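Have a look at the structure below before the remarks.
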Amino acid sequence: MPLVNLKDRLALIKSDRDKKASPAPRKRIVPEGWTEIAPLVWMREIDRPFVRAPAFFSPHLMRAMPFREDRRQNRGGTGSQCADIPPVPAERIVFFDLETTGLSGGSGTIAFLSTVARFEGSDLVLRQTFLGDYPGERDFLVLVTSQLEDADWVASYNGAAFDLPLLQTRCVLNRLAMPLVRHIDVLHDCRRFWRGLAASCSLSSMENLILKKERDEDIPGALVPGVWLDYVKSDVLREEQSALMTLVWRHNVQDVVSLAELFLLVESAYRSPESAVLRYSIDPAGLARRLLRMDREEEAKGILLMVRDKAEMFELTGDARTRALRHLASIAWKARDRELYVKTILAMDDASLFGCLAKAKLYEHFLKEELSALSWARKARDIAVAGGAGEGTRASASSLSALSLEAIDHRIARLERKIAKKDNPAAL
Amino acid sequence: MNPETANAICDELASWLAAQSEIAWSTKLPARVPDLVPLPENLPPVLVQALGSRGIKALYSHQKKAYELARAGRDLVVVTPTASGKTLCYNLPVLQTLLEEPESRALYLFPTKALSQDQQSALNEVMLAGSIGLTINTYDGDTPADIRTKARTSGRIIISNPDMLHAGILPNHTKWVKFFSNLRYIVVDELHAYRGVFGSHVASVLRRLIRIAKFYGSSPIFIFSSATIANPRELAERYIEREVALVEENGAGSGEKVVFCVNPPLVDAVQGIRRSSSLEAESVMLWLLRKGVRTILFSRSRLQVELLASYLNQKLENPYNRDFGLVVKPYRSGLLPSERRAIEKGLREGNIHGVVSTNALELGIDIGGLDAAVITGYPGSIASFWQQAGRAGRTAGLSLAVYVASSAPLDQYFAAHPEYFLSRSAEQAHIDAYNPYIFTDHLKCAAFELPFAEGEAFSPDPSNVRAAQLTQEALEYLEEEGIVRHAAGRYFWSAEGYPGEKTSLRTATTENVVIVDVTQGRHDVIGEMDRPSAKELLFDKAVYIHLGTQYQVKSLDLEKRLCLVERSDVDYWTDSIVKRDIEVLSQDSTEPHGQLDLILGDILVRGQVEKYKKLRFNTNENVGYGEIWLPPEEMQTRSLMVALKPEGGAWRLLREIPPERADGILRSAADLVRQLAPARILCDIHDIGVASRVRDQFFKSPAMYFYDVYPGGTGIAEALHANLKEAMASAIERLAGCPCAGGCPSCIGVEIASAENKALALQLLRLLHGALES
Ligand SMILES: [Zn+2]
């Protein structure tokens, strides 16, 4: 950081201070397609025909997020709490995303671009609001919040952690009320469904992996703040600055379109879990866990049974399969469903450390067949010695400890003792 | 100690001190009877009950006065010595308001994190005892996320520190709507701890706090508490720029205190060399411990603390005499919290009889039960001196304080001037709330928090014209830099990221190096240290002493901030030699004075540790050198430069002697000026860096540099610019009056000691001083 001699700098500025009057905000030519709604605030509308625009959503099947930090004032609740809410007409839900001057938040970060989209007939209609300079912020916020307030539900991507707290901060600073709406953060479902598939669950990686889309021309999200800050501070816009701003507008539109598509996909997964698992490479254990939370135990079981019994229909990694079967086994255990439990354990992968150990435990404690237990335990030991934990071990530290070589040896020794005792009770 | 024994010991000490060294001065402060008044009448019953359960049935007069002022809506500062019940001064009015107004909130600020936790346990006692049921939350870097959310919405008293306010709370104030909207009181405890750089920063942090509170429609009352300083009201008023009421009478009782100022004996009268003040303090402490007097010894450096504690324990080790069982512990920063707690407990319970401490203990951690304090060298401020002296004798009865003057010029000055300690007007604490650098840094943070209006003063006082002007100028500067955007009458933050990330309120900005004991396969974390200190103390093969155990550094990894040490039993300790290099970056103003120029500007200081000395324990005999390979530490800062003009008197004087000798004389003269500067400007000697070169590459003539050791500067260079003539005058006085024959540590030092050099240095200073007068 270069040191500047502030005192001199201040003296210098002071000397020609009289020349400076309070600058008026810059007038910019409103680009084609945009309308000036208020000073420094522009809006435009974009229609995107949608192939499968539904008439109704069942957002209540998904997990609603608190919209404001002050939870008591939230109209939303958890999925199961509002399970009695009927499906809502498609136009009552909006898709929302902001572009801001910084990614870390705090009261000095502002939002300058908002897209709020909703289905109208077979079209997705996107309303984009743009703030041309700081003084227009209050009008910008009034517009954006009224668009949100108009809906019953708001869907966002990472809105719970970013967009909504930021919007709330801006409202507080401009002494505006934050709208009360139910909120669904699609990122949370995406994490459940596809975490195992992608290194990150960012919107762009979901776009690539799940929606199979490629953006031909785009600006990386990290560059967006700089484009706007540069834009507002420039007296005369260079062509390249306008071009970059246009890219930011498009970027925001594409984000919201992808958000809507992901929402549809996620929502359909809750509606027909079995076909969604097959079609969208959803992690069966992840979806089953969500369904269980909503007291949809039968459906959860259904998916997991499908993984167990019709493995050939899936393109699952061994890891995802093991997790699904473990989950099913734990459901069976809690329900004291002996048959389901035994069958599930026996269906586990013979080549995985976890599968072998589960079988060893099953034979030892459940079926009381020590010899079979011993042979599974020895197989587990071979796998552990050969190549560490193997598949299906993305587990908590406590369950990992059961997979340690030491624990396996301990089990083998115990089984050998039991067998010896059975063979020769008198030896006691 | 019972009074008779105490008096006897005191007399005995006086004659012992007189025999073995030189008592520069001594004084007896009389005992005081507590001034008690009844509890206020309209105190809520729950509060009366809570006080009663802690045995409080009456108040000290100053507590009552503070209570009444706060209840009347006045901002106030309470100045009371340690152990006079200052917490009740603010707790009482705050708790009453919180009980009466169910939504109201209070913020307690403490300078350090440790203290605020201490404070919370004290507050919890009040709460639990009377089941008052107010929620108190500590909000700092260690607070878990779920507690943070609760604290923001439902904490009635938030306990925090300025750093957290600066980096955590204010930039996210919209999450604290409820808190700020209902903020009634702000308590700033230990006001005297906020001075210099830290104080100047905190002034701006409080400005931001007031600004945000105002946005949410509240104007909280400020209650400051401070140790005894000369200008508490003025200092408090500098922070909030409005009238502050002063409560300075102390209604608490206290015992008698006897203070001795001891000058260690001259071991070499010709060279003017005195016995080391550490050794002197050590023998005073030994004497006291053996008389059964529980004693705390204060030493300024961490290393000295460790060395002294280990020497003392060695001397107390003999199991065949009556010293057996006496235990002394070192207490300093860098200890782990659990180690600190254990020492504090040992002192309270009596199985530890003495502590050797750095200033860490000074800030109000309650250890109690000590009878005597030994202070090695001037602790940097009069307030600190009385804080340290006040560590002993918290209960009734006689207590002792022994100030052992070092041979530093400043100490020798104080040994000759007891009135400096004893007269009412002690010392002016000083901050620069308008230091342009710090001001601008916080102006950025404030703009991030809330846009500035044209004409708005970044000041607690909206009508402060100077502040409004400075704010305007700084905002225009920031606009030119593209950091804020000026539009429609307001200035908006318009950069990416959060400005506070780059601003630390304290000098120590770098993260700490963790020290790990790896002896015989161990892996125990035994302490930590800031990076610049680590470079000077934890280089490879350095001897590091921790809790009396000796270690040697195996490796220092600055990138991983990790230092591995092993136990060792070598018979020496290590002392690094730091080489500093100066580069002039800018000359912002030049003031000609005939034969010299006074220049203010920016410099680059490069510090490099290259070598270390091995010094034998106890004798400090130099037994060898070692090399150090570490990257240099660089800093840009403000400097006052004194450049001699060719053919001037001073220039000629230096030209006429061989360059190497001339270098020594110039350096010694500059250093003496630095040493005495803190008597004129309120700062620590270590806040000022000094360098000099007879053949300066930049000025092409002899030059002296006095620079601010705080990166970017805190106005010390500017302050010294205004006071250089006076500082030179006291340097001349000190040098001319020093009884030594040819230079000593109390004047020009021993490196160039000779009668001729002493005379030359004096002559040089007189020439420089003469030039400044023209
Ligand atoms: Zn001398």
Side-chain angles (χ1 to χ4, degrees), chain A residues 1-14 16-17 20-26 39-40 68-72 100-110 132-137 165-175 178 222-226 228-230 232-234, chain B residues 149 152-153 170-175 177-178 212 215-216 436-437 439-440 444-445 447-451 454 469-470 472-474 476-477 479-482 485-502 585-586 588-589 600-602 604 636-638 711-713 718:
Chain A
M1 184 185 74
L3 263 185
V4 276
N5 182 353
L6 188 65
K7 269 199 178 147
D8 276 8
R9 297 276 298 125
L10 293 183
L12 221 104
I13 294 164
K14 207 170 146 189
D16 59 2
R17 227 178 109 193
K20 285 199 171 180
S22 175
R26 287 181 189 96
L40 303 167
R68 318 205 314 194
E69 198 182 57
D70 188 355
R71 278 146 212 256
R72 273 169 300 177
T100 68
T101 57
L103 305 173
S104 52
S107 51
T109 304
I110 82 160
D133 200 351
Y134 291 91
E137 194 193 11
L166 195 131
L167 186 65
Q168 178 166 8
T169 289
R170 299 326 300 168
C171 284
V172 168
L173 282 163
N174 286 275
R175 304 192 194 279
M178 178 78 168
L223 298 185
V224 168
W228 188 80
L229 290 171
D230 187 42
V232 286
K233 282 183 241 173
S234 303
Chain B
T149 312
R152 289 198 288 261
T153 48
L170 289 172
N172 297 299
H173 63 86
T174 55
K175 291 183 177 169
V177 176
K178 231 175 174 168
I212 294 301
F215 176 76
Y216 292 102
Y437 298 95
F439 182 85
T440 308
K444 287 186 202 168
C445 299
F448 179 88
E449 285 148 17
L450 214 56
E454 256 172 35
Q469 197 182 333
L470 196 61
Q472 185 65 23
E473 286 163 5
E476 285 171 16
Y477 160 69
E479 189 198 0
E480 284 201 357
E481 297 286 306
R485 161 110 181 96
H486 187 196
R490 291 206 285 170
Y491 290 87
F492 301 88
W493 174 254
S494 96
E496 288 179 65
Y498 164 58
E501 279 168 357
K502 290 167 195 138
L585 300 175
S586 77
D588 303 322
S589 76
L600 273 172
D602 296 336
L604 177 79
Q636 291 184 19
T637 188
R638 300 283 292 164
E718 285 81 359

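Residue numbers start from 1 in every chain, and the chains themselves are labelled A, B, ... in the order their sequence lines are given, proteins ahead of strands. Note that the structure is a prediction, hence the values are computed from the model and not measured.
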Would you compute the distance between atom CZ of B:Phe215 and atom CG of A:Leu173 and round it to the nearest 0.5 angstrom? 5.0 Å
Under the side-chain hydrogen bond (donor to acceptor under 3.5 Å, both in side chains) test, residues paired with B:Thr174 that sit two or more places apart: A:Thr169
Stepwise side-chain contact (heavy atoms from CB on, under 4.5 Å) check, B:Glu496 with A:Thr101: CA-CA 6 Å; B:Glu496 288 179 65; A:Thr101 57; 5.8 Å; no
Quick one: CD on B:Glu449 to OG on A:Ser107, what's the gap to the nearest 0.5 Å? 5.5 Å
Point-to-point distance, once rounded to the nearest 0.5 Å, from OH of A:Tyr134 to CH2 of B:Trp493: 9.5 Å
Spell out, as yes or no, whether a donor-acceptor pair under 3.5 Å connects the side chain of A:Lys233 to the backbone of B:Arg485. no
Checking heavy atoms, do the side chain of A:Arg170, its backbone, both or neither come under 4.5 Å from chain B? neither
Give, as side chain, backbone, both or neither, the part of B:Ala447 having an atom under 4.5 angstrom from any heavy atom of chain A. neither
Do any N or O atoms from the side chain of B:Tyr498 and from the backbone of A:Gly105 form a donor-acceptor pair under 3.5 angstrom? no
Yes or no on side-chain contact (heavy atoms from CB on, under 4.5 Å) for B:Tyr216 and A:Val172, after CA distance, side-chain angles and deciding distance? CA-CA 10 Å; B:Tyr216 292 102; A:Val172 168; 3.5 Å; yes
Has A:Ser104 got a side-chain atom pairing as donor or acceptor with B:Gly497's backbone, closer than 3.5 angstrom? no
